[in-house]
Amino acid sequence: MRIDLHTHSSVSDGTDTPAELVRKASAVGLDVVALTDHDTFDGLDEAAAEGERLGILLVRGMELSCSRRGDSVHVLAYGADPANPALAAEMARVRDGRLGRLAGVLAKLAELGVPVSEAEVMAQVGDSPSVGRPHIADALIKAGHVRDRQEAFDRFLADGGPAHVHRYTIEVDRGIDLVHEAGGLAVIAHPWGRGREYVLPSSVLEALARDHGLDGIEVDHQDHDSEIRERLRALADALGLLATGASDYHGVGKLDHDLGCNTTDPAVFDQMQQRLGSR
Ligand code: AMP
Ligand code: ZN
Ligand code: FE
Ligand code: FE
């Protein structure tokens, strides 16, 4: 059993359509794949239909934009009800914030000497309801200002970078509660990736587990080196959290994140399904 619980399609900032993503997951021998687009459930029906056709299980997921003290935190939601009013309203507010920050980012990029227009960005966004920095990066590539998404982030778009603009996100404890209210499981994505241990130190993860019933943490992720993975695995054990693993695949949008490059232990996935079944 090979299980990859975190991937993105072109419904947010990945580059494969939901059906293409599921076909590729099947082709690389995955048995289970979760589609977890940023702040939208829109790709799930298409992905699930393709999964049924190919005999690969599609887990209905979503990656919710949260924060703690102004620093970004991503919460993976599994099995949450898209029709839950409170969650849907907050997701809509987050997506509005994604669009609302665009003018500010574009003004900064123009000042920095790498102008792109809103139309150029929206051409990269396509029908995605979730406008992301990777789409801005793609417009910068198309305009010849950078070679790839990574260069766009490193020079301009990364958190705290010269073209970064704050956007609305949900307080992480509230985000976890919302996912639970919608009947889902809440797992913190790449909790200590990119040097972010200070955002969610173990004491905070412990409090989220104790006071908000956090279900799990993503341990095996490309943004975690082997030392961080070991420390997170030990922490998950100590706190009774599920330890997941996943690729965070974005198609050609993110190198070194091939489908199935990290996977989740089938025993952990069993526990997730049991918890979802009892909700
Ligand atoms: P956004 O959703 O607009 O906040 O952008 C987040 C997306 O950009 C996610 O897919 C991240 O993986 C990607 N991202 C965020 N920070 C970086 C970074 N420093 N380098 C590369 N990609 C990043
Ligand atoms: Zn992304
Ligand atoms: Fe993420
Ligand atoms: Fe992701």
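Numbering starts at 1 and runs along the sequence shown. Just follow the structure's listing: the first ligand is 1, and inside any ligand the first atom is 1.
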Going from [atom1] on [X] to [atom2] on [Y], what distance comes out if it is rounded to the nearest 0.5 angstrom?
X	Y	atom1	atom2	answer
Thr36	Glu218	OG1	CD	8.0 Å
Ile3	Leu57	CD1	CG	9.0 Å
Ser10	Gln124	OG	CD	12.0 Å
Glu90	Tyr168	CD	OH	3.5 Å

Hey, which atoms in ligand 1 end up nearer than 4.0 Å to a heavy atom of [X]?
X	answer
Pro134	5 (O), 7 (C), 8 (O)
Gly132	3 (O)
Ala158	19 (N)
Gln150	20 (N), 21 (C)

(message) Can you tell me which portion of Arg101 lies within the under-4.0 Å heavy-atom range of ligand 1? Options are side chain, backbone, both, or neither.
(response)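 Only the side chain of Arg101 comes within reach of ligand 1.
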(request) Please state which part of Asp13 comes within less than 4.0 Å of ligand 1, counting heavy atoms only: side chain, backbone, both or neither. (result)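 Only the side chain of Asp13 comes within reach of ligand 1.
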(message) From the N, O or S atoms in Asp248, identify the one nearest to the Fe ion (ligand 4).
(response)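 Nearest N/O/S atom of Asp248: OD1.
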Does any non-hydrogen side-chain atom of [Y] lie less than 4.5 Å from one of [X]?
X	Y	result
Leu5	Met272	yes
Asp159	Arg194	no
His190	Asp248	yes

(message) How wide is the angle at the Fe ion (ligand 4) spanned by His8 NE2 and Glu63 OE1, rounded to 10 degrees?
(response)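 NE2 of His8 and OE1 of Glu63 make an angle of 90° at the Fe ion (ligand 4), to the nearest 10°.
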Give a yes or no on whether a salt bridge exists between [X] and [Y], defined as a side-chain N under 4.0 angstrom from a carboxylate O.
X	Y	value
Arg133	Asp138	no
Glu120	Lys142	no
Asp31	Arg2	no

(message) Against ligand 1, does Arg98 come closer than 4.0 Å with any heavy atom?
(response)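 Within the 4.0 Å threshold, so yes.
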(message) Taking a cutoff of less than 4.0 Å between a non-hydrogen atom of the residue and any ligand atom, is Arg167 in contact with ligand 1?
(response)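 Yes; Arg167 lies near enough to ligand 1 that a heavy-atom distance drops under 4.0 Å.
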(message) Suppose you place the vertex at the Zn ion (ligand 2); what is the angle out to His38 NE2 and Asp13 OD1, to 10°?
(response)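 Approximately 90° at the metal, rounded to tens of degrees.
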(message) Using heavy-atom distances only, which candidate in His38, Lys254, His135, Gln222 approaches atom 11 (C) of ligand 1 most closely?
(response)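 Looking at heavy atoms only, the winner is Lys254.
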(request) Using heavy-atom distances, let me know which of His250, His257, Arg194, Arg149 sits nearest atom 22 (N) of ligand 1. (result)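 The residue whose heavy atom sits nearest atom 22 (N) of ligand 1 is Arg194.
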(message) Taking 2.8 Å as the cut-off, does His6 contribute an N, O or S atom near the Fe ion (ligand 4), distance below it?
(response)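 Looking at His6, which is the residue asked about, there is an N, O or S atom under 2.8 Å from the Fe ion (ligand 4).
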(request) Considering only non-hydrogen protein atoms, determine which one is nearest to atom 8 (O) of ligand 1 and report residue, atom name and distance to 0.1 Å. (result)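 Of every protein heavy atom, Phe153 CZ, 3.1 Å lies nearest to atom 8 (O) of ligand 1.
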(message) Looking only at distances, can you tell me whether any N or O atom of Arg133, backbone or side chain, sits closer than 3.5 Å to an N or O atom of ligand 1?
(response)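 Arg133 vs ligand 1: N/O contact under 3.5 Å present.
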(message) Taking 2.8 Å as the cut-off, does His250 contribute an N, O or S atom near the Zn ion (ligand 2), distance below it?
(response)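 So His250 does bind the Zn ion (ligand 2) by this criterion.
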(message) I'd like to know whether the aromatic ring centres of His38 and His8 sit less than 6.0 Å apart in this structure.
(response)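 So the answer is yes for these two rings.
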